[in-house]
There are 4 protein chains.
Amino acid sequence: MDIFERRESEVRGYCRLYPAVFDKAENALQFDEDGNRYIDFFAGAGVLNFGHNPPAMKEALIDYLSANGVAHSLDMSTTAKRTFLSAFENIILTPRSLDYKVQFTGPTGTNSVEAALKLARKVTGRRQVVAFTHAYHGMTLGALAVTGNAKFRNAAGVPLDGVIRLPFDGYAGAGDTSLHALREALADSSSGMEPPAAFIVETVQAEGGVNVASGEWLRAVQALAREHDSLFIVDDIQVGCGRTGTYFSFEDMGLDPDLVCMAKGIGGFGLAMAVLLIKPEYDQWSPGEHTGTFRGQNLAFVAGARALDYFRDDKLLREVRDKGGRMHERLAAIMKEHGRGRWTVRGRGMIQSLDTGDGQVAAAVLRRAFERGLLIGTCGTDGRVLKVMPPLTIEDGVLDEGLDILRAALAGEAADA
Amino acid sequence: MDIFERRESEVRGYCRLYPAVFDKAENALQFDEDGNRYIDFFAGAGVLNFGHNPPAMKEALIDYLSANGVAHSLDMSTTAKRTFLSAFENIILTPRSLDYKVQFTGPTGTNSVEAALKLARKVTGRRQVVAFTHAYHGMTLGALAVTGNAKFRNAAGVPLDGVIRLPFDGYAGAGDTSLHALREALADSSSGMEPPAAFIVETVQAEGGVNVASGEWLRAVQALAREHDSLFIVDDIQVGCGRTGTYFSFEDMGLDPDLVCMAKGIGGFGLAMAVLLIKPEYDQWSPGEHTGTFRGQNLAFVAGARALDYFRDDKLLREVRDKGGRMHERLAAIMKEHGRGRWTVRGRGMIQSLDTGDGQVAAAVLRRAFERGLLIGTCGTDGRVLKVMPPLTIEDGVLDEGLDILRAALAGEAADA
Amino acid sequence: MDIFERRESEVRGYCRLYPAVFDKAENALQFDEDGNRYIDFFAGAGVLNFGHNPPAMKEALIDYLSANGVAHSLDMSTTAKRTFLSAFENIILTPRSLDYKVQFTGPTGTNSVEAALKLARKVTGRRQVVAFTHAYHGMTLGALAVTGNAKFRNAAGVPLDGVIRLPFDGYAGAGDTSLHALREALADSSSGMEPPAAFIVETVQAEGGVNVASGEWLRAVQALAREHDSLFIVDDIQVGCGRTGTYFSFEDMGLDPDLVCMAKGIGGFGLAMAVLLIKPEYDQWSPGEHTGTFRGQNLAFVAGARALDYFRDDKLLREVRDKGGRMHERLAAIMKEHGRGRWTVRGRGMIQSLDTGDGQVAAAVLRRAFERGLLIGTCGTDGRVLKVMPPLTIEDGVLDEGLDILRAALAGEAADA
Amino acid sequence: MDIFERRESEVRGYCRLYPAVFDKAENALQFDEDGNRYIDFFAGAGVLNFGHNPPAMKEALIDYLSANGVAHSLDMSTTAKRTFLSAFENIILTPRSLDYKVQFTGPTGTNSVEAALKLARKVTGRRQVVAFTHAYHGMTLGALAVTGNAKFRNAAGVPLDGVIRLPFDGYAGAGDTSLHALREALADSSSGMEPPAAFIVETVQAEGGVNVASGEWLRAVQALAREHDSLFIVDDIQVGCGRTGTYFSFEDMGLDPDLVCMAKGIGGFGLAMAVLLIKPEYDQWSPGEHTGTFRGQNLAFVAGARALDYFRDDKLLREVRDKGGRMHERLAAIMKEHGRGRWTVRGRGMIQSLDTGDGQVAAAVLRRAFERGLLIGTCGTDGRVLKVMPPLTIEDGVLDEGLDILRAALAGEAADA
């Protein structure tokens, strides 16, 4: 029995799907200890938007380490944090005319969500939060309460309350009707509905199955929040940082969120980091009211600042839109060729997906792809959706090669079924 | 207005206490961007047990980066994780005849606590958890529920239930009586008390005011947990990893916790990492039941594995005991000299404290110390306790220098009062 | 200041609307201490289905008292309880081929609802209960959680959780869509919806505004409950006991509830009594598991048994249908004459209503009616709905007289507006 | 199978202990349908303080019925309510210099407790309520949360939160220590304890095992409540109305409760009625904020007003003290004779008890007593305590006869053991 089986908890998951011990990685490629090569269509679930070991960040990290830069600083001020903040202001906020305060929360997405929910409840003095079917916001109890997945929720061991659950855009045909009914209910003191502290929404539900919300529906959610003085929170943890072809996934949609949760890609290099963006009028925290040990991860500031260089011009984002379009076309063609009308293709930018409608089929495709040297993840109910999410920086040839492997795996599965 | 004021949320805290922008650091010294030198008696609240930028870890990190090692891997297997697990097994578990499974949770202490509470509730099918006055376990809602501090709790915005709160050892003279009364109550079906899923305790309450539990009381807590099939959880996040003079703070006390929460020092270098140690019979997770993006922080595995080298022999721990003794003596002398019977000294190993009984006094001492080049933290109710917690590796001369500064600050404050 | 103002709590309500001190009453008439005569269109909110002081019941009560019958018996067996149970079996259950066990709960509707919710949760091992907009089920915390009205809910002082709130039939056009979306969600492990212990519904929401559910929608609710092994509970507290023209309000609708909550009219004479009807397979209580002091109100058993005599044949129920039809026609005519398109008439059997759309208008009409000798209640959001609910036994002439007064009050208000 | 088995829910309890069908009753005697005579040492769990069918009340009820008095009036004003209120003011409040507002809640003890908790939470804006081991306050979810018994609590099916549970006077030696520890904790912002809305206490825990609190301890509870602006609530439902030898059980103890819950004996005749007494400054209800159908039980007002006549002078209360003393002496003698040092006698006034320490022993004694014509109840954990609680008006000879039967049953059980 190897040490992973002997010592690592039964909770381990991905290592069961990808039975290899990984050693090296470069951009969209991972290599196991035997030198086998894998194309990475998973990208750390959105962490590795700029690939593995991007040279500029790697160099900056080595320089920082070599110079005895402060690695860990709680929430003291450091030169590395200043550099990150300045880059974020200059490259991201100012050009988009956005005015957000930045909270460095504990360095995980779930912590950013916990901070957002606390703040929304504090600002409004309300308790309920509206969340949607198939939402994924994290594993700690506050974030878990707004997450939809029953396996995760049941592990809480305590009731997960304070949440009004609504159908997401298109869910059971009720996305719009239910918003309308909630509007009526919130105006009606006999409805049993309390005004919520916030609406929290993903523009694309990544873990939930790559469900893409329309701008129209998102604007309706935002409008309802505004009407009732609820905060409008976008969880951009998985699909922010350029993934959809804009820096924030909600750009160009007429949206103006009050709070934005970010993590994963924000650290650039795969180092843990998370932030909550807060409109200044809602930055009503007292000092230290939400705290945490690892808020000052300076290596992540160093890499994260360099990652922002990708957004100094439109080059990367244009590539994302181009490659995303090609990914979509290829998937649509595969669906048409092998899907027998049972498959669906969904996505925005470089998060694309093929919904097989059957978790066992998707799992089998994942295994076939792994055997052929492709790492791909599944998501959605019972894992029925294949999520195609390579680094934004993947080379065209490698992308095509990965899509060819995926096509072969899907074709093989379809033939055997 | 500088960028920190302009862009960073009002929640920022330590940067207000230490108005400097830090740039470099080495072992127990930090330097601000103007070259000012500060002795670090804070050590990242227990993160930097081995000081800033320890050379062996720094070198290992640079080597790993240079070789394009996998930085981020979710919970896939990697060579870096294997190295860490092997070192943890060989250096820590085996010599102590401990048999724990290791869960890599999201890389923060609060996440380790959330995982522990979920697991205890799952294993027992119970909901309540016993926690103690002045406990600090984290900021996310599950961990916050067992935390004692009202400022933090009030920020939840939702009720924090599922907790039975008991007096800690010595609290209001009720530590023992209340354990006895709970024992009666748990044997009595009319008491209104449900059998708890777990008891969660810190052997030394660091944030709570450096309250040191006796072995006798801790054994009584453990015994009560055993009697009622509750899990006994030690939160060793701040005082584990050698801080008290043994690797785990609960060694040599006749304790055998079912779950152990670790974070802070486990990553060695200040990189975010957290683990939950689980007795094999309680490792009842299903795969992926508690998940998170940043469970595979390989740079932390690399540094963390090297950090374990400190525990291959007793050299460091002996130094901790020696230096801890000296710290205690010096503080006791300062108390005797200036305390007018109002101050108290408490601690174990290299977490020592001077309780001034007055948050304003402690805050003033902190400011005076900072002006003289010493970073020190406060804790306990209203921050009345000065917590002395340098890196375990602090040089004797620097330790003495820091204690001299602290003495001067305390003397000055006492004189002005 | 009279004793009511001096000694009775500010919580008193109806005495403010009807500023009189009542002394005597007979069938549909009440008399104040000055001998003023009032027609009762309120009937104790459904308690006095058989009018005030119905002679047969009055005589039976006097006989029972005179003979030193047991008045109070907790849940011991008594001859009076046997008489009631036999009558209920013979007159109500057997002819309708219904097989229910009878639980005598504490003698209030809210207690019957509390018992129903406890039992549904016990039987299913689930926590959530589906309740509807505008529902009214009671004031104690369990029943209050499923009630919709914000004024009542806000008085709880604690969160009211464990409830999934859905639109009632017709509410914001979402009654059907939302049932459909819940069906999808309950079949989908990522929806965030747990399978509920029960669906609790009123066939006519009396306090909620005399909202009448269609048989089709009620059957859809029942079908959804059945699909997911949830109990289907009908709260027939206000509209049972003959009010709608059948004994139970859900007869002749293809419904087969698992639990039925009854109170108000069941005691016949206005004496406190409540029962929960339970399908035998769900009668899983252990002895004494839900208890209460006043479960053995033998005077109510005596009167309640005599009240069941009304249902030995179809005479009363036919009259209810006839008078209900006339009430509806008269109200429709008044609406047409004075409503300017803003009013609505709704109801079933002898619970009819005129929705003025404006709480101030309805309150003014109530005052005008009172001045003319008619007691009428309001309900619905802001009390905008006039609820017409006389005793089922009201004489035709008195009914017409009351409707004339109501017409005059409405006409007057419409003219002044 | 008789109709009780066939139709009454399995929840029925007392009818299993006393397998008879009761028909008539007079003062302290009950008769079954076969004419068997039983002495009533149970008195409807405190309802029948004035015995069964007390002639003056019976006559008043018959007169009221005959005159077509209003039986049911919601919370409208009636002449019967005025008579009750005046008597309560003149006979009870004024002579004791008490100034309480009277809220007629739904006519059950649990409803009075629900109202008290709501009001305390509303007045203070706080959520937690302090309740004690072995407390019994009712079955609806709000009251159940403060009740101690696990069988009842587990039937809730939902978490019962918002309660701080403390040891009652003498419980595990912790009654005083725990009050002291709570005092410290409430003054300490890191204790994890929120200031409570109220402390709710029974002066004698009747259902909990006839546990008698000392005046000293009760004053300490009241003092702690006052210190922290919490309301001090006495639940006098079972031991008020003269049971302990004063009208309220808390008289002559230096207590001044803010809210007093009353039910059971207040209706005099066994008719359902409950009130909440409220200090005027806390009567902060808005009209109708806590409501209920059966608040206007005029027959209970009629009988309850006559019951107050017993307190126009000290005659009854003197008898209660005398008979209570004799009961206590007799029980003490029986204990001495047969208890072998395992039994305990506890009580105040005419609620006395013999704690056998063993639920099976107590159940066997109950059966033996029943066979000999004595109705007696059990209480406390596992029902180990025999509660001796006859009507206050029991004739001396009947009391002695009952005590003789009890002695014989205890002696027989002791001999067989």
Side-chain angles (χ1 to χ4, degrees), chain C residues 3-4 7-15 18 21-26 33 44-45 47 53 58 62 65 68 70-72 74-79 85-86 89 101-103 106-108 114 118 121-122 127 139-142 155 157-158 162 269-270 272 283 285 287-290 292-294, chain D residues 3-4 7-15 18 21-26 33 44-45 47 53 58 62 65 68 70-72 74-79 85-86 89 101-103 106-108 114 118 121-122 127 139-142 155 157-158 162 269-270 272 278 283 285 287-290 292 294:
Chain C
I3 187 142
F4 298 110
R7 280 291 159 214
E8 201 174 351
S9 162
E10 292 302 316
V11 81
R12 67 195 188 279
Y14 288 116
C15 59
Y18 313 126
V21 180
F22 296 99
D23 189 31
K24 310 277 184 217
E26 203 174 342
E33 60 182 342
V47 171
N53 286 300
K58 184 170 77 173
I62 291 173
L65 285 164
N68 280 340
V70 177
H72 175 90
L74 295 155
D75 72 346
M76 300 177 209
S77 299
T78 64
T79 49
L85 275 173
S86 295
E89 181 175 72
K101 300 291 284 296
V102 179
Q103 177 179 5
T108 60
E114 295 262 345
K118 279 188 189 178
R121 284 166 169 147
K122 177 187 170 87
R127 189 174 70 91
M139 288 288 104
T140 52
L141 288 194
V158 293
F269 195 81
D283 185 23
W285 289 115
E289 199 173 3
H290 180 86
T293 294
F294 291 117
Chain D
I3 188 145
F4 297 111
R7 279 295 158 213
E8 201 173 352
S9 162
E10 291 302 316
V11 82
R12 68 194 187 279
Y14 289 116
C15 58
Y18 313 126
V21 179
F22 296 99
D23 189 33
K24 310 278 184 214
E26 202 172 345
E33 60 182 342
V47 171
N53 285 301
K58 185 170 75 173
I62 291 174
L65 285 164
N68 281 338
V70 176
H72 175 92
L74 293 158
D75 73 343
M76 300 177 207
S77 299
T78 63
T79 49
L85 275 173
S86 296
E89 180 176 73
K101 301 291 284 293
V102 179
Q103 177 180 4
T108 61
E114 295 262 346
K118 279 187 189 177
R121 284 165 168 146
K122 177 186 169 89
R127 189 174 69 92
M139 288 289 104
T140 51
L141 287 194
V158 293
F269 194 81
I278 305 168
D283 186 24
W285 290 115
E289 199 173 2
H290 180 87
F294 291 118

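First the proteins, then the strands, lettered A, B, ... as listed; each starts at 1. Keep in mind the model is a prediction, meaning the values are calculated, not measured.
- Across all non-hydrogen atoms, the minimal contact from C:L74 to D:A45 is CD1-N, 4.3 Å.
- Scanning all heavy atoms of the two residues, the minimum distance from C:D75 to D:Y14 falls at OD1-N, 2.8 Å.
- The minimum heavy-atom distance between C:R7 and D:L85, with the atom names listed, is CB-CD2, 4.1 Å.
- Ranking D:S77, D:A155, D:G270 against chain C, the residue ahead of the rest is D:S77, based on heavy-atom pairs under 4.5 Å.
- Ranked by heavy-atom pairs under 4.5 Å with chain C, the first of D:G106, D:G13, D:G162 is D:G13.
- Residues D:R121 and C:V158 meet the side-chain proximity criterion, which asks for heavy atoms closer than 4.5 Å.
- For C:F294, the part lying under 4.5 angstrom from a heavy atom of chain D is the side chain only.
- The two atoms that bring D:F269 and C:A71 nearest to each other are CE2-CB, 3.6 Å, heavy atoms only.
- Of the two parts of D:E289, the backbone and the side chain both hold a non-hydrogen atom closer than 4.5 Å to a non-hydrogen atom of chain C.
- Looking only at side-chain heavy atoms (C-beta outward), D:K101 and C:E8 stay at 4.5 Å or farther from each other.
- Looking at residues two or more places apart in sequence or on another chain, you find no salt bridge (Lys or Arg N to Asp or Glu O under 4.0 Å) involving C:D23.
- Annotation: side chain of C:L65 is in contact with side chain of D:K58 (closest heavy-atom distance under 4.5 Å).
- Residues C:M76 and D:V21 have side chains not in contact (no heavy-atom distance under 4.5 Å, counting atoms from C-beta outward).
- The two residues C:W285 and D:S9 have their closest heavy-atom pair at CD1-OG, 3.4 Å.
- The shortest distance between side-chain heavy atoms of D:P107 and C:T108 falls below 4.5 Å.
- Put simply, of D:I3, D:V11, D:T140, the one with the most heavy-atom pairs under 4.5 Å next to chain C is D:V11.
- Of all the heavy atoms in C:T79 and D:E33, the pair that sits closest is CG2-OE1, 3.7 Å.
- In terms of non-hydrogen atom pairs under 4.5 Å with chain C, the most contact-rich of D:H290, D:K118, D:K122, D:R127 is D:K118.
- Contact annotation: the side chain of C:Q103 never approaches that of D:R12 to less than 4.5 Å [non-hydrogen atoms, C-beta and beyond].
- Residues D:L141 and C:E114 are in side-chain contact: their nearest non-hydrogen atoms beyond the backbone lie under 4.5 Å apart.
- With chain D as partner, the option from C:P287, C:S86, C:G292 having the largest number of non-hydrogen pairs under 4.5 angstrom is C:P287.
- In this structure, the side chain of C:N68 does not engage the main chain of D:E26 through any donor-acceptor pair within 3.5 Å.
- Within the 4.5 angstrom heavy-atom criterion, only side-chain atoms of C:V47, from C-beta onward, approach chain D.
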